[in-house]
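Chain identifiers are assigned alphabetically (A, B, ...) following the order of the sequence lines, protein sequences preceding nucleic acid strands; residue numbering begins at 1 within each chain. Values below: all heavy atoms of this structure, side chains included; hydrogens, waters and symmetry mates excluded.
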There are 2 protein chains.
Amino acid sequence: MPVPLYQAKADFFRTLGHPVRIRVLELLRDGPRPVRELLNEIEVEASNLSQQLAVLRRTGLVSAVREGGTVVYSLATPDVVDLLAAARRILTDMITGQGELLAELQAEAAE
Amino acid sequence: MPVPLYQAKADFFRTLGHPVRIRVLELLRDGPRPVRELLNEIEVEASNLSQQLAVLRRTGLVSAVREGGTVVYSLATPDVVDLLAAARRILTDMITGQGELLAELQAEAAE
DNA sequence: TGTTGAATTGAAGAATTCTTCACATTACGA
DNA sequence: TCGTAATGTGAAGAATTCTTCAATTCAACA
């Protein structure tokens with residue numbers, strides 16, 4: 001580890017820590033899309049979406065190509081899909097855990 | 001998606017967006033550890049580490065067990081390992097990409 | 001009981017990130 | 001060339017997160 005590799009990792013995860021950015025990545029999982037389409041599916045102002053896309057671009061997670069009047073975005077690497085999948089597994093576990101906790105609480109209340 | 005599942009995902013990633021928290025998770029990958037040991041390996045004040053551990057606990061990523069005078073932390077789910085691995089793959093790709101970019105720039109400068 | 005080491009907590013100012021607004025840019029077609 | 005749709009950018013106040021400090025809890029032990 002040259003110096004702060006964990007800092008780079010933290011920055012990377014922080015990039016994912018925004019609902020709009022997450023949705024963009026999930027939409028791009030199915031293939032490239034123009035901004036206009038992203039805008040249709042995500043309820044957010046155009047300038048805000050642009051800001052978030054800029055963050056994703058800076059990090060290198062997505063790449064943009066201008067095609068005439070529109071700009072088409074796509075995932076920079078397919079590995080993003082694995083990452084999102086791993087995150088979903090953990091979230092599922094966590095929610096399941098909460099479900100178990102809830103069941104425990106209910107059983108307790110029923111005594 | 002019930003309502004803001006992407007919000008939950010974003011919150012989750014944001015939890016990982018801190019160098020100290022990343023290091024804790026990486027250390028716990030090798031097995032449970034008392035706070036004291038974590039403190040030895042991470043250059044940060046005790047109260048700061050506690051704050052970060054609290055964040056990880058709230059999110060449910062780690063669990064803590066008191067053993068006498070010390071508190072031992074461990075990963076709540078082994079899936080975290082997959083997640084960190086996926087992140088490392090992407091970071092590697094990104095750094096490789098930068099290396100290529102660098103090579104391009106050097107070739108360009110050498111013309 | 002008093003002390004000490006281990007860890008946590010609450011609170012406040014510092015630092016960072018978000019959202020929004022006004023204003024650029026770029027590409028096209030009237 | 002004008003007008004307009006599609007995107008992007010800079011900047012500022014709002015909101016969130018970090019760091020640090022003082023104080024607290026808990027357990028072990030003299």
Side-chain angles (χ1 to χ4, degrees), chain A residues 4 6-28 31-76, chain B residues 4 6-28 31-76:
Chain A
Y6 40 88
Q7 176 68 60
K9 291 181 183 175
D11 289 346
F12 172 70
F13 281 120
R14 201 174 308 179
T15 300
L16 301 175
H18 190 290
V20 169
R21 297 197 290 262
I22 288 288
R23 295 196 73 185
V24 167
L25 293 177
E26 291 186 338
L27 289 170
L28 294 183
R33 283 173 182 249
V35 174
R36 190 171 12 83
E37 268 184 45
L38 297 174
L39 206 45
N40 279 345
E41 312 228 25
I42 308 176
E43 70 298 332
V44 71
E45 291 182 27
S47 66
N48 196 340
L49 179 59
S50 264
Q51 297 278 3
Q52 307 313 328
L53 288 173
V55 173
L56 292 172
R57 252 185 287 126
R58 263 177 247 134
T59 312
L61 278 172
V62 306
S63 54
V65 174
R66 173 145 230 148
E67 291 187 4
T70 76
V71 176
V72 177
Y73 279 81
S74 52
L75 292 184
Chain B
Y6 39 88
Q7 177 68 59
K9 291 180 183 175
D11 289 346
F12 172 71
F13 281 119
R14 201 173 307 179
T15 300
L16 300 176
H18 189 290
V20 169
R21 298 197 289 263
I22 288 287
R23 296 196 71 186
V24 167
L25 293 177
E26 292 186 337
L27 289 169
L28 295 183
R33 284 175 182 248
V35 173
R36 189 170 13 84
E37 267 184 46
L38 297 174
L39 206 46
N40 279 345
E41 312 229 25
I42 308 176
E43 70 299 333
V44 71
E45 290 183 28
S47 64
N48 196 340
L49 179 58
S50 265
Q51 297 278 4
Q52 308 313 329
L53 288 173
V55 172
L56 291 172
R57 252 185 287 128
R58 263 178 247 132
T59 312
L61 278 172
V62 305
S63 54
V65 174
R66 172 145 231 147
E67 291 187 5
T70 76
V71 176
V72 176
Y73 279 81
S74 52
L75 292 184

Tell me which of A/Val35 and A/Arg14 sits closer to the 5' end of DNA chain D, going by the nucleotide each one is nearest to. A/Val35
Whole-Å gap separating C1' (C/dC23) and CD (A/Glu45): 15 Å
In whole angstroms, how far is the P atom of C/dC18 from the NE2 atom of A/His18? 5 Å
What is the distance, to the nearest angstrom, from the CG atom on B/Asn40 to the C1' atom on C/dA6? 12 Å
Exam field: side chain A/Arg33 to backbone A/Val35, donor-acceptor pair closer than 3.5 Å: no
B/Arg57 side-chain N/O to B/Thr59 backbone N/O, donor-acceptor pair under 3.5 Å: no
Heavy-atom pair of closest approach, residues A/Thr15 and A/Arg21: O-NE, 2.6 Å
Kindly state which residues belonging to residues 48-64 of chain A come within less than 4.0 angstrom of DNA chain C, counting heavy atoms of the residue only, listed by number. A/Asn48, A/Gln51, A/Gln52
Hey, does A/Thr70 reach any base, or is it just sugar-phosphate, or nothing, if we go heavy atoms under 4.0 Å? sugar-phosphate
Report the C-alpha separation of B/Leu49 and B/Val20 in whole Å, then their side-chain angles, then the decisive distance to 0.1 Å, and conclude whether the side-chain contact (heavy atoms from CB on, under 4.5 Å) test is met. CA-CA 7 Å; B/Leu49 179 58; B/Val20 169; 4.0 Å; yes
Rounded to the Å, how far apart are A/Glu43 CD and C/dT20 P? 12 Å
Would you kindly compare A/Asp11 and A/Glu67 by the position of their nearest DNA chain C nucleotide and give the one closer to the 5′ end? A/Asp11
What is the distance, to the nearest angstrom, from the CZ atom on A/Arg36 to the C1' atom on D/dT4? 15 Å
In whole Å, I'd like the distance from the CG atom of A/Leu16 to the P atom of C/dT17. 14 Å
Steps toward side-chain contact (heavy atoms from CB on, under 4.5 Å) verdict (A/Leu16, B/Leu16): CA-CA 9 Å; A/Leu16 301 175; B/Leu16 300 176; over 6 Å; no
side-chain contact (heavy atoms from CB on, under 4.5 Å) for A/Ile42 and A/Leu27? Distances and angles first, verdict last. CA-CA 10 Å; A/Ile42 308 176; A/Leu27 289 170; 3.9 Å; yes
Would you indicate which nucleotide in D/dT20, C/dA22, C/dA7 comes nearest to any side-chain atom of B/Pro34? C/dA7
Can you measure A/Ile22 atom CD1 to C/dC18 atom P for me and round it to whole angstrom units? 12 Å
Under 4.0 Å: is that the gap between some side-chain N or O of A/Arg21 and OP1 or OP2 of C/dC18? yes
Heavy-atom closest contact (A/Arg14 atom, B/His18 atom, distance): NH2-CA, 4.2 Å
Please determine whether a side-chain nitrogen or oxygen atom of A/Tyr73 lies at a distance below 4.0 Å from atom OP1 or OP2 of D/dG8. yes
